Amino acid sequence: MAKHYNFAAIEQKWQDKWQSEQCYTVKEDKGPKYYLLEMFPYPSGRIHMGHVRNYTIGDVIARYKRMRGFNVLHPMGWDAFGLPAENAAIKHDTHPARWTYDNIDYMRGQLRRMGFSYDWQREIATCGAEYYRWEQKFFIELYQKGLIYRKKTTVNWCEQCQTVLANEQVIDGECWRCDSQVIPREMHGWFFKITAYAEELLADLDKLGGWPDKVLTMQRHWIGKSTGAEINFPIEGSTKKLTIFTTRPDTIFGATFMSIAPEHPLTLELSKGGSTEDEVKEFVERTKAAKQRASYGEELDKEGVFTGSYCLNPFTGRRLPIYAANFVLMEYGSGAVMAVPAHDQRDYEFAAKYDIPCLEVIHPPTAEMPEDQAYEGPGTLINSGDFNGMDNIRARAAITKAATDQGFGRPKTTFRLRDWGISRQRYWGTPIPMLNCGKCGIQPVAESDLPVQLPTEVKLAKSGKSPLQQLPDFYETTCPCCGGPARRETDTMDTFVESSWYYARYTNPHYKEGMIDKQAAAYWLPVDQYIGGVEHAILHLLYARFFTKAMRDMGYLNIDEPFTNLLTQGMVIKDGTKMSKSKGNVVDPSTLIEKYGADTVRLFSLFAAPPEKDLEWNDKGVDGASRFLNKVYRFVDANRDLLKSHTEPDKTLNQISRNLERKTHQCVKKFSTDIENNFHFNTCISAVMELTNLLLAAPDNDRQEKVDPHIIKQTVTAIIKLLYPMVPHFCAELWEMTGHDGLLDHTAWPEFDLQKAKEDEITIVIQVKGKVRSRLQVSLGTSDDELREMAVNDEKTKKFIGNKPIKKIIVVKNKLINIVI
RNA sequence: GCGAGGGUGGUGAAAUUGGUAGACACGCUAGACUUAGGAUCUAGUGCCUGACGGCAUGGGGGUUCGAUUCCCCCCUCUCGCACCA
């Protein structure tokens, strides 16, 4: 016999069939729909193990749901814009488009070779104008609605990539893509007003019960809502006011100074003409430089300088010196804060350094005020005028109301979330469909001129100006309003824009009338199950949620949230670290497929760990998976005739037949439960392995008893059906070998019979003082009294009881007896 | 610093209304069949012990007849956030 079943031939055969018969092409149809989506890949060149794992998990679910009778949408495509294409083009002297499409062709072949059941009719590449033209149209619609704007601000600049990054794309102070240090830089750029949806993005997280808590928590924190008050402090000797945001209005009577961000527009003005002017100027410059130099996460020593001006506390009239302070963030709140050293640790440290007085206004309920730090806990107000004696939580509302009534304050909610900057100074991205006319100003491109095509003739260089800025043929245009000369926007969009709506485009990817075919979208959306890496917990998932809400408000969709259930699969690890080229521990899927076949690779990546955990790659483990499939194959092959023949159920089963029947039903039960429960395929597979072990031991010629052929057939059928979603070529072949026609995809999932799954004999553990001392074999319904009787008379047990008196006997039904002495 | 989630054999992992710890698999040991084996099959395999038995789910304490599971303290690893007022 051959060492291995001929996986190469079998896999080829079924892949050809699935493709030529278009088995996985779907349309809006009767029956419950199920939209399964895995995060689409960047076409970097080759599929890696992370893809294999992600897409295998997805394919199992897709096939499983089909067997359960769902109309399953399972599309695949390419997140095809992005910087690596430009870098590769420079390096290999080719064109980004060429490089990208070559990669796509290669990777598509690899995915086909894995046997994934995609509807390839729906394939999308986001770098095609037929895709991005709708993105440009939508951009203009959002612009007209006021949800997109242009501003000059401090942005995150990656010198390596020569482009701006969004806040979400800066990871630990480094570029998410190339890991080089990000530096602040002042630039103009286009922004999506994601903050307009901050409240809803936060609130709707509560609707996402099918998402991991970890991701919900991260998003909640990223959005960072905090409620408090905005208060205007009059500036002494000026008509101007200094506006601050605080979450602790209850401490306002304890303010002893004010802190203002160095970049704040008032900072220089406040010292103008005074003795402090030079000092303040110098401080502002120095802080700016220090912030650029500071490595990420490094907390600068608190430092500040007196501006020479004072604010007046609107409640008390107390003079509060205004300091420019290096720890005050311009980007959050109003860029200025009231400082209450007694009740804020940062203010305390600053005050201690510059010898500014503290004033206690919140008295702790029990303990004394701490000596050498701020007290930030709850308490009762003191030194606070009319509010003395009030609980500090209640005082927050009361003081805010008083400030509101007197006209110098109001309740205020602030978010940590900032608007999404999408301008990229790169070539390989969607052109931003805007232009600048000397007469008419910034204007959107006329709809009839869409799409703004990326020019194909382009010179790319390692550094220097943005490529489109060097193409007059591209940027020289005419104004749609006045017909005069105008200059096109030469920045392109962040590639996260394409991935924010691709899931919706899949519902009718070649729709020519607009961005979204509303009917198709209404049928398929939302995505029932989304699968991808946890590294997108903030980035992509937040942007896609925002886009969904914006598309809904523009009338394209009728859903609030795109992804009902989210599975974040763990990384693929080898030798304790993430697989990566730089670490030299990558395993190439194609090599493995050649050696073992796609089914074995699929099986191992499902078996080695539950999907949400990291998967430790182990070549020997792959051998094990292969061995298992071969074992099953050999059995089916050797019993072909029996399995093809017609059998009748035997009324009275002998012991070993009954055992196998029972195990089969138990296995179907466990498998079905575990797959529904968080897709724990690893335990599903182990259940089938157990069943297989029992099956293979069954037809032993040395035995007196023979297993009923009908039961063998039943067991084999169950194994084939259960494993089909995981190892589809293998099972399709076995299905055919055992005399069946038709695709298993549309064959009903096996049922189990609780009665048949039931054990008639069970093992009862006997414990003495909580330690296992003996075991009893009893029939299922044995009464507590009988069990008690048997337990105390058990020889082994007696030895441990000795002549000590029995205090108590605990009986747990069908499980154990504990004798307490 | 704050927040979240982990820590179980040589390895990947099972085990939840608290009830047989280690299913399944890898590896390892011995044997069988073989010209050969990185194929296949059989048996064994948490640790200590000659055995009876004892000890074991990061460490320590607690609740309980009984704790991987619940509570408290500590150690450690991973991830997220990081002066957000």
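Nothing here was measured: the structure is a model prediction, and the numbers come from that model. Convention: sequence-line order gives letters A, B, ...; per-chain numbering from 1.
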What's [X] touching, base or sugar-phosphate or nothing? Going by heavy atoms closer than 4.0 Å.
| X | value |
| --- | --- |
| A/Phe607 | base |
| A/Asn326 | nothing |
| A/Gln767 | base |
| A/Asp614 | sugar-phosphate |
| A/Lys799 | sugar-phosphate |
| A/Phe604 | nothing |
| A/Gly624 | sugar-phosphate |
| A/Val534 | nothing |

Roughly how many Å apart are [M] and [N], using the [atom1] atom of each and rounding to a whole number?
| N | M | atom1 | value |
| --- | --- | --- | --- |
| B/C83 | B/G1 | C1' | 11 Å |
| B/U63 | B/A15 | P | 30 Å |
| B/C79 | B/U64 | P | 40 Å |
| B/U20 | B/G10 | C1' | 25 Å |
| B/G46 | B/A51 | P | 14 Å |
| B/A56 | B/G66 | P | 15 Å |
| B/A13 | B/A21 | C1' | 13 Å |
| B/C72 | B/C81 | C1' | 28 Å |

Rounded to the nearest angstrom, tell me the gap between atom [atom1] in [X] and atom [atom2] in [N].
| X | N | atom1 | atom2 | answer |
| --- | --- | --- | --- | --- |
| A/Tyr596 | B/C26 | OH | C1' | 12 Å |
| A/Phe635 | B/U40 | CZ | P | 17 Å |
| A/Asn630 | B/G37 | CG | P | 20 Å |
| A/Phe671 | B/A23 | CZ | C1' | 16 Å |
| A/Met330 | B/C83 | CE | P | 16 Å |
| A/His4 | B/G37 | NE2 | C1' | 12 Å |
| A/Glu331 | B/A85 | CD | P | 13 Å |
| A/Ile322 | B/A85 | CD1 | P | 21 Å |

Counterpart base for [N], defined by Watson-Crick or G-U wobble contacts under 3.5 Å:
| N | answer |
| --- | --- |
| B/G5 | B/C77 |
| B/C83 | none |
| B/U11 | B/A25 |
| B/U34 | none |
| B/U69 | none |
| B/U17 | none |
| B/C52 | none |
| B/U57 | none |

[options]: which one has an atom nearest the side-chain heavy atoms of [X]?
| X | options | answer |
| --- | --- | --- |
| A/Lys214 | B/A21, B/C79, B/C83 | B/C79 |
| A/Ile810 | B/C24, B/G80, B/G19 | B/G19 |
| A/Asn818 | B/C41, B/C65, B/A23 | B/C65 |
| A/Arg627 | B/C81, B/U20, B/A39 | B/A39 |
| A/Arg416 | B/C65, B/C24, B/C81 | B/C81 |
| A/Arg634 | B/G53, B/G12, B/U40 | B/U40 |
| A/Ser686 | B/C24, B/U20, B/G12 | B/C24 |
| A/Thr683 | B/A14, B/A85, B/U20 | B/A14 |
| A/Trp222 | B/C79, B/C81, B/C26 | B/C81 |
| A/Val337 | B/G19, B/A85, B/C79 | B/A85 |

Working to the nearest 0.5 angstrom, can you tell me the gap between [X] [atom1] and [Y] [atom2]?
| X | Y | atom1 | atom2 | result |
| --- | --- | --- | --- | --- |
| A/Leu216 | A/Leu205 | CG | CG | 5.5 Å |
| A/Asn659 | A/Thr664 | CG | OG1 | 10.5 Å |
| A/Phe681 | A/Ser605 | CZ | OG | 10.0 Å |

Can you tell me whether the base of B/G60 sits syn or anti, using the 90° cut around 0 to define syn?
anti

Closest non-hydrogen contact found for A/Glu761 with A/Gln777 is OE1-OE1, 3.3 Å

Of all heavy-atom pairs linking A/Ala339 and A/Asp347, the shortest is CA-OD2, 3.2 Å

Within the 6.0 Å centroid threshold, strictly below: [X] and [Y]:
| X | Y | answer |
| --- | --- | --- |
| A/Tyr596 | A/Phe604 | no |
| A/Phe607 | A/Phe628 | no |
| A/Phe257 | A/Tyr354 | no |

Is the distance from OP1 or OP2 of [N] to the nearest side-chain N or O of [X] less than 4.0 Å?
| X | N | value |
| --- | --- | --- |
| A/Lys771 | B/U20 | no |
| A/Arg773 | B/G53 | no |
| A/Ser226 | B/A85 | yes |
| A/Asn682 | B/A23 | no |

Look at the side chain of A/Arg775 against the base of B/U20 and say whether a donor-acceptor pair falls under 3.5 Å; ignore hydrogens and angles.
yes

Comparing A/Ala336 and A/Met689 on RNA chain B - which has the more 5′ nearest nucleotide:
A/Met689

Mapping A/Phe245 and A/Glu616 to their closest nucleotides on RNA chain B, which lands nearer the 5' end?
A/Glu616

Taking NZ, NE, NH1 and NH2 as the nitrogens, is one of them in A/Arg788 or A/Asp785 under 4.0 Å from a carboxylate oxygen of the other?
yes

Would A/Glu303 and A/Lys353 pass as an ion pair if we require N to O under 4.0 Å?
no

